[in-house]
Amino acid sequence: MELPFAESYKIKMVEPIQRSHRHEREQWIKEAHYNLFNLRSDQVFVDLLTDSGTGAMSDRQWSEMMLGDESYAGASSYYKMKNAIADITGFEFFLPTHQGRAAENVLFSAMVKEGDLVPGNSHFDTTKGHIEFRKATAVDCTIDEAFDTTLDHPFKGNIDLEKLENVFKKYPVEKIPMVIITITCNTSGGQPVSMQNIREVSALSHRYGVKVVFDSARFAENAYFIKKREPAYAEISIRKIVREMFSYGDAMTMSSKKDAIVNMGGFIGFREEELFQKASVFNIMFEGFITYGGMSGRDMNALAQGLYEGTEFDYLETRISQVAYLGKLLKDAGVPVQYPFGGHAIFVDAKRFLPHLPKEQYIAQSLAVELYLEGGVRGVEIGTIMADRDPVTRENRYPNLEMVRLAIPRRTYTNNHMAYVAASLINVWERRSEIRTGFRIVKEAPILRHFTVGLEKI
Ligand code: F0G
């Protein structure tokens with residue numbers, strides 16, 4: 001018999017979680033103005049809001065915490081992090097930041113100005129927010145295949161070279177400070193970018209004199225997919241693939257809360273000293289001195305260790321197989337989920353789930369609320385609410401995809417939890433025709449509205 005897949009770790013410490021009753025959840029979600037971000041965590045049974053900072057650290061990471069050096073300047077923890085980053089990514093210069101969006105804030109302060117264009121593959125919301133906050137424009141150049149959730153394509157995060165070159169031809173390069181390659185591409189469904197695409201995007205951008213920046217939150221998962229799906233890399237180690245991926249870029253921003261498996265932290269990696277120096281000024285202003293940048297020494301230690309654990313093949317196999325396990329349970333029951341399954345999450349196609357709901361009633365949000373009511377499972381809307389209003393016309397932007405993302409924290413839940421989540425969503429699927437109305441917005445912020453939006457039932 002072929003031996004089945006099993007987790008590459010065992011559990012040493014547990015945290016209790018509690019189930020609730022439907023009548024309680026009805027009350028709680030109403031009090032939360034139907035915004036899942038407003039729920040208290042103890043009102044949630046299985047929390048798939050995000051895989052960001054919600055993972056379980058290893059015994060080795062916890063022991064590294066005890067060795068943290070809290071010196072203000074030149075801490076040994078800083079050097080531990082610097083060496084790990086250089087070893088894993090190849091970037092010799094780096095700045096610590098407190099998380100990924102802080103890395104974007106610092107780097108874009110040094111690179112992006114009003115009127116600029118920043119092409120990329122479905123920029124993440126904070127990335128786009130930081131671009132638009134500077135009155136610049138994010139131009140989505142993701143391949144069209146990404147927007148058909150039923151299509152089987154191995155690298156739906158890829159950038160369309162023709163779309164990218166059109167941007168280069170249409171605008172002066174002085175207005176294009178960088179191309180952002182998001183690995184994996186969260187907004188398009190945790191979908192990977194192939195090595196070939198990274199190589200070609202880099203060559204094209206550099207030919208026009210444009211820098212390449214990686215938004216690297218899930219870079220190790222991207223490397224895993226390259227190993228599994230790009231035949232030339234089947235026998236190459238994850239670490240070697242990672243080094244090659246980053247070799248095509250000029251800089252990287254990192255939310256270490258994902259593939260470095262820490263609860264908080266981030267950094268920027270730079271190829272050249274000049275850009276590093278320019279960004280250092282902003283790091284000191286916004287984050288902290290350049291050898292801690294908003295992180296404590298203990299956190300830098302855990303991050304350094306996490307970069308090694310996050311790039312182990314067995315760990316990645318465990319993680320991505322768990323995501324696929326949930327995906328398969330749903331797909332087999334006929335629930336419309338994005339295919340192929342992403343690295344960190346299953347994306348439920350809300351437009352196909354609730355085709356009778358008008359887009360003005362926030363389809364994906366309606367589905368996310370139903371899933372919470374059904375089983376106390378918290379996912380997140382990646383749809384019209386998150387897409388926000390057009391900064392110029394202030395009209396709602398209706399994205400191609402209306403998704404509910406079920407993001408799976410690293411090393412945190414068991415496959416029984418996944419089966420519970422699947423059963424909850426399948427129950428909603430079976431009564432989908434009874435969900436007749438959605439929501440209207442009663443309160444929203446001028447930017448990144450999804451975090452604080454208030455809704456009422458229509
Ligand atoms: N880039 C990507 C691709 C991300 O997914 C995130 C965060 C960030 C940048 C920003 O990093 O949160 O550390 O400031 N994504 C989380 C999520 C929040 O739920 O997908 P951060």
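Quick note: residue numbers are just sequence positions, from 1. We count ligands from 1, going down the list as the structure has it; atoms in each ligand are counted the same way.
Nearest to atom 19 (O) of ligand 1 by heavy-atom distance, out of T50, L49, V380, is T50.
Closest to atom 10 (C) of ligand 1 among all protein heavy atoms lies T126 OG1, 3.5 Å. Scanning the protein heavy atoms around atom 13 (O) of ligand 1, the nearest turns out to be S255 OG, 2.6 Å. The protein heavy-atom contact nearest to atom 7 (C) of ligand 1 is K258 NZ, 2.5 Å. In terms of protein heavy-atom proximity, atom 21 (P) of ligand 1 is nearest to Q99 NE2, 3.3 Å. Ranking the protein heavy atoms by distance from atom 9 (C) of ligand 1 puts E104 OE2, 3.3 Å first. Among protein heavy atoms, the minimum distance from atom 8 (C) of ligand 1 is reached at F124 CD2, 3.4 Å.
Separation of atoms CD (Q365) and CD (E402) is listed at 10.0 Å; rounding is to 0.5 Å.
Below 4.0 Å from some heavy atom of K257 lie the following atoms of ligand 1, by number and element: 13 (O).
Backbone and side-chain nitrogen or oxygen atoms of T182 are examined, and none is located within less than 3.5 angstrom of a nitrogen or oxygen of ligand 1. Every N/O-N/O distance between D51 and ligand 1 stays at or above 3.5 Å. For ligand 1, the polar-atom distance check against R101 finds a nitrogen or oxygen pair separated by under 3.5 Å. Residue contacts with ligand 1: T127 is placed with no nitrogen or oxygen under 3.5 Å of a nitrogen or oxygen of the ligand (distance criterion only). Between G100 and ligand 1, at least one N/O pair is under 3.5 Å apart. Close N/O approach between D215 and ligand 1 is found [any backbone or side-chain N/O within under 3.5 Å]. Inclusion of R405 in the set of residues having an N or O under 3.5 Å from an N or O of ligand 1 is warranted.
Using modelled atom types and a 3.5 Å distance limit, the side chains of D250 and H206 yield a donor-acceptor pair.
Two rings, from F267 and F91, have their centers 6.0 Å or more apart.
Every side chain to side chain donor-acceptor pair (under 3.5 Å) that R410 has, sequence neighbours left out, goes to D51, E221, D259, Y315. With sequence neighbours left out, the side chain to side chain contact (heavy atoms under 4.5 Å, CB included) criterion links S58 to R60, Q61, E309, R411.
Ring-plane geometry between F246 and F219 is classed as tilted, the angle between the planes lying from 30 to 60 degrees on a 0 to 90 degree scale.
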